[in-house]
Amino acid sequence: MTEIIDGNAVAQDIRDELTDSIETLADDGARPGLATVLMGDDPASQTYVNMKQRDCEEVGIESHHVDVDGDAPPQVLFDTIADLNDDPEIHGYIVQAPVPDHVDYRDVIRRVDPTKDVDGFHPENVGRLVAGDARFRPCTPHGVQKLLESIDVDTEGKDVTIVGRSDIVGKPLANLLLQKADDGNATVTVCHSRTNDLGAKTRNADIVVAAVGVPELVDGSMLTAGTVVIDVGVNRVDADTDKGYELVGDVEFESAKEKASAITPVPGGVGPMTRAMLLYNTVKAASMQEDVAVDLP
Ligand SMILES: Nc1nc(=O)c2c([nH]1)NC[C@@H]1CN(c3ccc(C(=O)N[C@@H](CCC(=O)O)C(=O)O)cc3)C=[N+]21
């Protein structure tokens, strides 16, 4: 039987474990604070921001939010970032991507204090990750590692094919899985839009991670029986539902499920884990800045 991996349940366990550490920090007068910054009014981003605020409330993290007008000059966003860097109550913050076209996201990331960069996107943190000395693991790749751990999949010596080479998922996940570590030691293949014979690469894998942002790109015909399938895609596809869309992964779930030994659903797979690992990084940031040791899950 194929195991459907319950990302909501694993994320709930992580939130529960974080709650104790958050109270330890709060008892020391250092309750963790997380801010989200949203420039413009991308509807998907607004949904995520709302979910993150609810997560913070549940675990006892102080949550803050800053809206920046989508038509404002980049300097307005940069000033917001400078304020957050200077605010001792903000231990971590993220600038929700995408930003409007007239703003270069790299210019944004470079201005974030690397010790508050709970996305793990700042070049200093990317460099540390690649060098095997990560400060903050990017949330989605870390969530994928935790999901594999939750179903007792040991990555050592496994062939992992990642479909997608993004700076926020594909590249950092490849680096983490390559590391000489209990949750690494994999042989990693990274595929992308110019890859020849994608199916040959996915059929060779013990674990396939789909993170390309193309709805249902990976289907059962591209998988060998027994493969573990992790679907990072959260594509909003127009549909006749209350919201006017449905969420579709990068994997065609029904055909992939026939082949997989375990598979994540969308929604309810990687998405909630991304949010849980953001809370994790926020607690880690607060612990480092306040010099209060805490246990992390
Ligand atoms: N600076 C920055 N950091 C991010 O981490 C970041 C970002 N920008 N921009 C957009 C992507 C996407 N992302 C998701 C987070 C949670 C869910 C999530 O919780 N999804 C739920 C359901 C969501 C729904 O119902 O719409 C699920 O899959 O079950 C999805 C997607 C974070 N991102």
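Whatever order the structure lists them in is the order used to number ligands and atoms, beginning at 1.
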Contact table, ligand 1 N/O with protein N/O, distance under 3.5 Å:
{"from": "ligand 1", "atom 1": "1 (N)", "to": "Val95", "atom 2": "O", "distance (Å)": "2.9"}
{"from": "ligand 1", "atom 1": "1 (N)", "to": "Tyr105", "atom 2": "OH", "distance (Å)": "3.2"}
{"from": "ligand 1", "atom 1": "1 (N)", "to": "Asp119", "atom 2": "OD2", "distance (Å)": "2.7"}
{"from": "ligand 1", "atom 1": "3 (N)", "to": "Asp119", "atom 2": "OD1", "distance (Å)": "3.0"}
{"from": "ligand 1", "atom 1": "3 (N)", "to": "Asp119", "atom 2": "OD2", "distance (Å)": "3.4"}
{"from": "ligand 1", "atom 1": "8 (N)", "to": "Ala97", "atom 2": "N", "distance (Å)": "3.0"}
{"from": "ligand 1", "atom 1": "9 (N)", "to": "Gln96", "atom 2": "NE2", "distance (Å)": "3.1"}
{"from": "ligand 1", "atom 1": "9 (N)", "to": "Ala97", "atom 2": "O", "distance (Å)": "2.8"}
{"from": "ligand 1", "atom 1": "19 (O)", "to": "Gly271", "atom 2": "O", "distance (Å)": "3.4"}
{"from": "ligand 1", "atom 1": "19 (O)", "to": "Arg275", "atom 2": "NH1", "distance (Å)": "2.7"}
{"from": "ligand 1", "atom 1": "29 (O)", "to": "Gly268", "atom 2": "N", "distance (Å)": "2.6"}

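Remark: the backbone N or O of Gln46 is paired with a side-chain donor or acceptor of Asn50 at under 3.5 angstrom. A donor-acceptor pair under 3.5 Å links the side-chain atoms of Asn235 to the main chain of Val248, judged by distance alone.
Sequence neighbours left out, the pairs with a member in residues 137-180 that pass ring pair (Phe, Tyr, Trp, His ring centres under 6.0 Å) are His142-Tyr280.
A donor atom on one side chain and an acceptor atom on the other are not found under 3.5 Å apart for Asn175 and Gln179. A donor-acceptor pair shorter than 3.5 Å cannot be found between the side chains of Gln12 and Asn8. If you check the side chains of Thr202 and Thr161, you find no donor sitting under 3.5 Å from an acceptor.
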